[in-house]
Amino acid sequence: MKATFKLKLLLLLAAGMLYSCSNDSGQADTGSGEQTQEVSLKEIPVSLKKLNIGSQIILFSYTNVSEAQQLVDAAVADLIVDSKEDLGERTDATQMLTNVKISGGKAYVNEFLFYDENKQELVEGFYYDAATDSYKPHSAPSLQFMSAAINGARCPSGYEQLASCSNFNNPENCIGGALQSYLSTSLSSVGDCLDIHISVGLSKTRVCGKEC
């Protein structure tokens with residue numbers, strides 16, 4: 001799961017950069033008065049659809065509640081490790097926020113966002129669109145609207161805090177125990193639905209949950 005999530009995240013971010021570049025002019029001035037034809041996305045010999053990066057990122061599947069409780073620890077631990085690595089590779093964000101939906105026999109990434117605490121704003125984000133089975137980038141106005149709600153809030157509106165752990169003392173174990181406890185009381189059947197919000201910062205990791 002970890003390698004798949006990391007690969008899809010990197011490819012999604014790369015696809016966003018390519019899409020941004022495709023909106024620029026088809027020609028560029030070299031500075032000497034000459035015009036050079038830029039390469040079209042259609043000419044790039046890589047098919048993003050064939051790479052299947054847009055499909056749903058499933059962390060784990062389960063056939064009963066007990067199985068979900070057993071699998072959630074390792075899945076979220078990998079997610080936290082990946083998030084810390086992603087933050088270490090960026091200079092424009094201090095938090096990675098991931099929303100995981102657990103319902104109908106699977107747990108999948110529903111949304112992930114990059115937040116800058118210093119500027120108090122979201123710098124980038126993607127959400128899962130079930131109609132197209134793909135992750136779409138949030139627009140700039142959407143990011144600005146959500147930034148106001150994030151500022152100063154421990155958990156998103158409607159969520160309860162499940163755990164807050166230091167990143168310097170194995171937060172994966174701390175978070176995992178809280179999640180198992182939450183699933184044991186809030187997930188009574190495969191058809192039940194839970195939303196888990198995971199906020200990984202430079203020094204602290206927080207997990208929140210709610211029924212959906």
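In this text the structure is predicted, and so the values were computed from the model without any measurement.
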Give me the atom names and distance for the closest heavy-atom approach of [X] to [Y].
X	Y	value
Ser199	Leu97	OG-CD2, 3.3 Å
Phe168	Ser203	CE1-CB, 3.7 Å
Gly191	Ser103	O-OG, 4.2 Å
Thr94	Glu117	OG1-N, 2.9 Å
Ala75	Phe60	CB-CD2, 3.5 Å
Glu172	Ile80	OE2-CG2, 4.0 Å

Does the [X] side chain pair with the main chain of [Y], one donor and one acceptor, at a distance under 3.5 Å?
X	Y	answer
Thr185	Tyr182	yes
Asn99	Asp195	no
Asn64	Val190	no
Gln180	Gln69	yes

Rounded to the nearest 0.5 Å, what separation is found between the [atom1] atom of [X] and the [atom2] atom of [Y]?
X	Y	atom1	atom2	value
Leu183	Asp192	CG	CG	10.0 Å
Asn110	Gln56	CG	CD	8.5 Å
Leu71	Lys106	CG	NZ	15.5 Å
Thr205	Asn169	OG1	CG	11.5 Å
Lys136	Ser142	NZ	OG	12.5 Å
Leu202	Lys84	CG	NZ	11.5 Å

Are [Y] and [X] connected in a single hydrophobic cluster, I mean Ile/Leu/Val/Met/Phe/Trp/Tyr linked by side-chain heavy atoms less than 4.5 Å apart?
X	Y	value
Val72	Ile58	yes
Met146	Tyr127	no
Val200	Tyr159	no
Tyr108	Val76	yes

With side chains defined as the heavy atoms from C-beta onward, is the minimum distance between [X] and [Y] less than 4.5 Å?
X	Y	result
Lys210	Cys155	no
Ile57	Tyr135	yes
Gln120	Ser147	no
Arg154	Cys208	no
Glu211	Leu194	yes
Val123	Arg90	yes
Thr98	Val100	yes
Leu143	Glu121	no

Inset, instruction - Quick one: do Tyr115 and Leu122 satisfy side chain to side chain contact (heavy atoms under 4.5 Å, CB included)? Show the steps, please. - result: CA-CA 4 Å; Tyr115 184 72; Leu122 289 164; 3.7 Å; yes

Legend entry - Short side-chain donor-acceptor distance under 3.5 Å, Ser83 and Asp86: no

Inset, instruction - Would you check if there is a donor-acceptor pair between the side chains of Thr132 and Asp129 at a distance under 3.5 Å? - result: yes

Inset, instruction - Would you mind telling me which of Ile196, Leu59, Ile175 makes a side-chain contact (heavy atoms from CB on, under 4.5 Å) with Leu79? - result: Leu59

Inset, instruction - Evaluate the side chain to side chain contact (heavy atoms under 4.5 Å, CB included) criterion for residues Tyr62 and Ile102: first the C-alpha distance (whole Å), next the side-chain angles of each, then the deciding distance (0.1 Å), finally the verdict. - result: CA-CA 10 Å; Tyr62 57 96; Ile102 302 176; 3.5 Å; yes

Inset, instruction - Please test Phe114 against Asp92 for side chain to side chain contact (heavy atoms under 4.5 Å, CB included), starting from the C-alpha separation and ending with a verdict. - result: CA-CA 8 Å; Phe114 292 95; Asp92 61 347; 5.8 Å; no

Inset, instruction - Take Lys204 and Ser164, measure what side chain to side chain contact (heavy atoms under 4.5 Å, CB included) needs, and give me the verdict at the end. - result: CA-CA 7 Å; Lys204 181 181 294 184; Ser164 179; 3.1 Å; yes

